[in-house]
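See below for the structure under consideration.
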Amino acid sequence: MARNDQQDFPRTILPFLGATNDQLEELYSYDNSASEILEEIGNATAVWCGDWLGLREYAIDEVFLDAYNAPLITTDPLFSTVTNAVALAEIRGCSSTPGLDIS
């Protein structure tokens with residue numbers, strides 16, 4: 001997943017495939033507790049929470065470093081030995097809690 005409102009790719013591409021604004025909100029709204037994205041995050045055993053906004057285009061080394069150092073949000077004991085594991089972090093875009101502030 002991506003922190004904050006970093007779902008630009010699907011929100012940019014899906015209108016070309018016929019998606020309406022209402023459908024995009026139903027799928028990708030972090031403020032709507034019934035959105036598909038929050039439901040799927042809530043169903044996940046763990047969420048790897050990347051922060052892609054500060055990365056330069058085509059800087060694959062930055063992508064790997066971000067992914068490697070990103071927090072893994074989980075309450076599953078299977079992941080308790082993962083260095084970056086965080087229990088129930090409230091990070092917009094990586095948490096199933098609707099309406100979190102962007103920070």
Side-chain angles (χ1 to χ4, degrees):
M1 293 309 303
R3 294 179 196 172
N4 301 321
D5 288 336
Q6 297 179 35
Q7 300 299 330
D8 292 340
F9 180 76
R11 286 181 175 272
T12 303
I13 299 301
L14 289 176
F16 291 107
L17 301 174
T20 65
N21 285 336
D22 289 341
Q23 289 171 322
L24 290 174
E25 285 302 305
E26 185 179 312
L27 289 170
Y28 292 106
S29 174
Y30 291 120
D31 297 315
N32 175 3
S33 62
S35 72
E36 294 293 324
I37 195 141
L38 289 183
E39 182 179 329
E40 293 307 317
I41 291 170
N43 289 334
T45 302
V47 175
W48 214 294
C49 190
D51 190 5
W52 305 336
L53 283 180
L55 303 179
R56 293 175 294 128
E57 189 172 2
Y58 303 114
I60 197 70
D61 57 329
E62 292 178 16
V63 173
F64 281 110
L65 284 172
D66 178 67
Y68 184 79
N69 293 307
L72 180 69
I73 300 171
T74 184
T75 55
D76 191 315
L78 176 66
F79 295 102
S80 64
T81 59
V82 175
T83 303
N84 294 346
V86 179
L88 293 177
E90 296 293 331
I91 301 171
R92 184 177 176 95
C94 301
S95 168
S96 61
T97 302
L100 291 174
D101 289 332
I102 297 175
S103 54

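Just so it is clear, the values below take in all heavy atoms, side chains as well, and ignore hydrogens, waters and symmetry mates. Note that the structure is predicted; figures quoted are calculated from it, not measured.
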Please report the shortest heavy-atom distance between [X] and [Y], naming the atom on each side.
{"X": "Arg92", "Y": "Asp31", "result": "NH1-OD1, 3.0 Å"}
{"X": "Leu38", "Y": "Ser95", "result": "CD2-O, 3.4 Å"}
{"X": "Ser29", "Y": "Ser35", "result": "O-OG, 2.6 Å"}
{"X": "Leu24", "Y": "Ala19", "result": "CD2-CB, 4.3 Å"}

* **Check: Asp51 and Asp66 side chains under 4.5 Å, non-hydrogen atoms** =>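 In short, these two side chains touch, coming nearer than 4.5 Å.
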* Asked: Does any non-hydrogen side-chain atom of Val47 lie less than 4.5 Å from one of Glu40?
  ->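 No; the side chains remain at least 4.5 Å from each other.
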Give, for atom [atom1] of [X] and atom [atom2] of [Y], the distance between the pair rounded to the nearest 0.5 Å.
{"X": "Thr45", "Y": "Leu78", "atom1": "OG1", "atom2": "CG", "result": "8.5 Å"}
{"X": "Glu36", "Y": "Gln23", "atom1": "CD", "atom2": "CD", "result": "11.5 Å"}
{"X": "Leu27", "Y": "Asn32", "atom1": "CG", "atom2": "CG", "result": "10.5 Å"}
{"X": "Thr74", "Y": "Leu72", "atom1": "OG1", "atom2": "CG", "result": "6.0 Å"}

* **Test item: Ser96 side-chain N/O and Ile41 main-chain N/O as donor-acceptor pair under 3.5 Å** =>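 A pair under 3.5 Å: no.
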Is there a path of hydrophobic side-chain contacts, each under 4.5 Å between heavy atoms, that joins [X] and [Y]?
{"X": "Ile60", "Y": "Tyr68", "value": "no"}
{"X": "Ile13", "Y": "Ile37", "value": "yes"}
{"X": "Tyr58", "Y": "Val63", "value": "no"}

* Asked: Counting only heavy atoms not in Asp61, do more than 12 sit closer than 6.0 Å to its CG atom?
  ->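 Yes, because the 6.0 Å sphere around CG of Asp61 holds more than 12 heavy atoms from other groups.
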